[in-house]
Amino acid sequence: MERISSLDQTSIKSVIEVQALTKNYKKIAAVKEVSFSVNKGEVFGLIGPDGAGKTSIIQILAGVLKANSGKAFVNGIDVLREPEKVKSIVGYMPQGLGLNLYDSLSIEENISFFKDLRLIPDEVFERNKKILLEITRLAPFLKRQAKNLSGGMRQKLALVCTLLHLPDVILLDEPTTGVDPLSRQDFWTIIHSLVRERAVTVLLTTSYMDEAERCHRIALMHEGSILLQGKPDELGNLEEVFIKEVAGSKDSFLVKPIDVKPSANEDLIIKCSGVSKVFGDFRAVDSVDLTIKKGEILGLLGPNGAGKTTLIKMMCGLLEPTEGVIKIAGFDIKKERSKVWSNIGYMSQKFSLYRDLTVLENMKLYGGLYSVKNGDFRELVQMLQLEGLEHRITKDLPLGIRQRVALACALIHEPPILFLDEPTSGVDPIARRNFWKIIYKLSREKMVTVIVSTHYMDEAENCDRLCLMHRGKLIAEGTPSKLKEESEKISGSLIEIRVGKFIESYEILRRIFTEISVYGNKILIRSFSPSDTISQISDLLRKANMDDFHVSQIPVPLQEAFVDYIRASER
């Protein structure tokens, strides 16, 4: 009781309490006097870009990192004084795709290893294992080695291993980063099931701003500090909020030109005809037909393992198609590979830069690789807003600026085609918007064709056209608005319910409606007769004396449309 009495009144019902927490790495302040609390049965999100301080906070609460000052309590345990004591009561999942797994072990062997590690009694283990395998749908794959799992399956297995002792408090560090939207949806379904049915308390971190609405409350972070915290729907559009808080009066400069139309130029610059890639008995890409116009921005989407990377590698001339023909800028990738390479630029997710070289030295190095002679790169430096940074060491630059340097290196030889693999992963909203302004400038003014691979659904909205792949096949293509409209024909319109007595209302509605899901404080239902469904929901809630509710039809988000097409293709 002494520990609890030292906190403010709100902490009495708080499972996690953080006050003025500070963490320094030498001269760098990673966490700056951060304060927040998390209540029992709540999903609380620390939202922000890489370098915001989210991981440091999670690691301190998990008892694996020391803080410099402040207070941190989990279930009344003083984490800063007794870090070992907290480890037995929390489930901690570190950042990275299944980083806590052993690749050479099967799913079943990994689970058994964590059972022994946690000293879980056989009876408790068998019960919890059954529950977790059921909600993660991993039971059919128990003999499969971890190294052979997709990113989404790895994360679900990592979650099973984290939750095997069914802790009351779960700490998840970037659990959905690098995971496709379908697996992300599964992941969140699992989290909300545990919260709803077992009153588990969840603290998670993410750089995906669109995931904030899945949390009950969030804290928006930047450079070690909390900018704002509260319920997502009360804070508004988080990307806009972030930019306003950080950039102030400069926010108008950062508005992305989402209404810009693609060029009327109908010249095709990329053409894939009947393209397949076979590895042994596995068809990674299966009979893909695809054309891309000059100056077009094409988004390539799909679950992990859908074949996107294999298709991109074939279009870049790094892999030869097993079947079909690919022409890039008129050149056949099988017969004229060197000419293809001179016409493309490629920017990988990890930014292939030499960290110990300066910005200008990196550009000169890539210029040499592309046989660009006597280039002063002034126009490129100006266009990418790198003036004054030419002589800075690359490793000392913020992530958003390193991103622009990587783009400069990909554009050094002025290619007409640019491939971008997860180009904005982890960068803050301001850097993302600046990056997309550059992409639009390249597309609209210089007629550069851009192919973007991304898991960010809000980023996919920026593309002129989207192509969705699954199991090697191209299953849908069209503008973002067209794909969202068409998805309603697959799964129906989207009904949103906001209600005071959330859990009770959900239990009533899920007995009637099968297409039901949870997003933080909201219940979503799909229906082909939205007006009738809204009336039915209202009647059900009134009869149950749930007076504090609001039911409405909302537009289908691109994330939901993505899942619709995947599930339709599987049916």
Side-chain angles (χ1 to χ4, degrees), residues 148 150-151 178 180 267-352 366 369-370 406-407 409-411 413 415-423 425 439 443 448-455 460 463-478 565-566 569:
N148 296 325
S150 68
D180 66 79
D267 291 342
L268 297 180
I269 195 164
I270 297 177
K271 186 173 183 180
C272 300
S273 304
V275 174
S276 299
K277 183 63 182 178
V278 180
F279 298 98
D281 297 329
F282 176 61
R283 296 184 75 86
V285 175
D286 191 359
S287 303
V288 167
D289 292 315
L290 175 65
T291 56
I292 308 173
K293 294 186 295 186
K294 187 176 177 64
E296 186 177 20
I297 302 174
L298 180 93
L300 196 57
L301 312 179
N304 299 105
K308 306 184 302 294
T309 299
T310 303
L311 180 60
I312 287 175
K313 284 182 177 179
M314 286 192 288
M315 287 193 285
C316 289
L318 299 174
L319 280 177
E320 189 169 309
T322 306
E323 301 163 3
V325 176
I326 299 178
K327 289 195 173 181
I328 306 291
F331 301 109
D332 189 316
I333 64 121
K334 287 184 179 179
K335 301 172 183 175
E336 302 166 290
R337 191 166 299 181
S338 62
K339 291 180 179 177
V340 168
W341 287 341
S342 65
N343 277 276
I344 64 172
Y346 177 73
M347 178 179 157
S348 69
Q349 182 181 355
K350 296 300 181 183
F351 310 156
S352 302
Y366 275 86
L369 293 175
Y370 285 112
L407 181 59
C409 292
L411 294 171
H413 57 304
I417 302 167
L418 181 62
F419 290 92
L420 305 174
D421 181 16
E422 298 277 350
S425 182
I439 297 305
S443 167
V448 173
T449 300
V450 183
I451 297 92
V452 182
S453 165
T454 182
H455 284 322
C463 299
D464 299 321
R465 188 161 55 102
L466 300 174
C467 287
L468 179 55
M469 292 187 70
H470 185 44
R471 294 177 178 173
K473 292 183 178 291
L474 200 59
I475 62 169
E477 70 89 19
Y565 286 109
I566 297 295
S569 73

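The minimum heavy-atom distance between Tyr565 and Ala476, with the atom names listed, is CD2-CB, 3.8 Å. Of all the heavy atoms in Ile326 and Pro321, the pair that sits closest is CD1-CG, 3.9 Å. Residues Trp341 and Tyr370 come closest through the heavy atom pair O-CE2, 4.4 Å. Across all their heavy atoms, Glu477 and Cys467 have their closest contact at CB-SG, 3.9 Å. In terms of heavy atoms, Ala329 sits closest to Ile417 at N-CD1, 4.3 Å. Of all non-hydrogen atoms in Lys293 and Leu268, the two that sit nearest each other are CG-CD2, 4.0 Å.
Atoms CD1 and CG, on Ile566 and Leu468 in that order, are 4.5 Å from each other to the nearest 0.5 Å. In this structure, the separation between OH on Tyr346 and CG on Asp421 is 4.0 Å, given to the nearest 0.5 Å. Taking OG from Ser443 and NZ from Lys294, the interatomic distance works out to 10.5 Å, rounded to the nearest 0.5 Å. Separating the CD1 atom in Ile297 from the CG atom in Asp464 is a distance of 5.0 Å, to the nearest 0.5 Å. Distance check: Leu474 CG to Leu290 CG gives 6.5 Å after rounding to the nearest 0.5 Å. With rounding to the nearest 0.5 angstrom, the NZ atom of Lys335 is 7.5 Å from the NZ atom of Lys327.
Within 6.0 Å of NZ on Lys334 lie more than 12 heavy atoms contributed by other residues, nucleotides or ligands. Atom NZ of Lys277 has more than 12 neighbouring heavy atoms from other residues, nucleotides or ligands inside a 6.0 Å radius.
Within the 3.5 Å criterion, the main-chain N or O of Gly295 finds a donor-acceptor partner in the side chain of Thr449. A donor-acceptor contact shorter than 3.5 Å is absent between the side chain of Ser569 and the backbone of Ile475. Between the side chain of Ser276 and the backbone N or O of Ser287 there is at least one donor-acceptor pair closer than 3.5 Å. Side-chain N or O atoms of His413 include none that pairs as donor or acceptor with a backbone N or O of Asn343 at under 3.5 Å.
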Using distance only, find each side-chain donor-acceptor pair of residues 307-319 under 3.5 Å and give its atom names and separation, not counting sequence neighbours.
from   : atom 1 : to     : atom 2 : distance (Å)
Lys308 : NZ     : Gly302 : O      : 2.9
Lys308 : NZ     : Pro303 : O      : 3.3

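The side-chain heavy atoms of Ile270 and Ile451, taken from C-beta on, include a pair separated by under 4.5 Å.
With sequence neighbours excluded, the residues that form a side chain to side chain donor-acceptor pair (under 3.5 Å) with Asp286 are Arg283, Lys473.
Partner of Pro416 under the side-chain contact (heavy atoms from CB on, under 4.5 Å) criterion, out of Val448, Ile328, Ile269: Ile269 alone.
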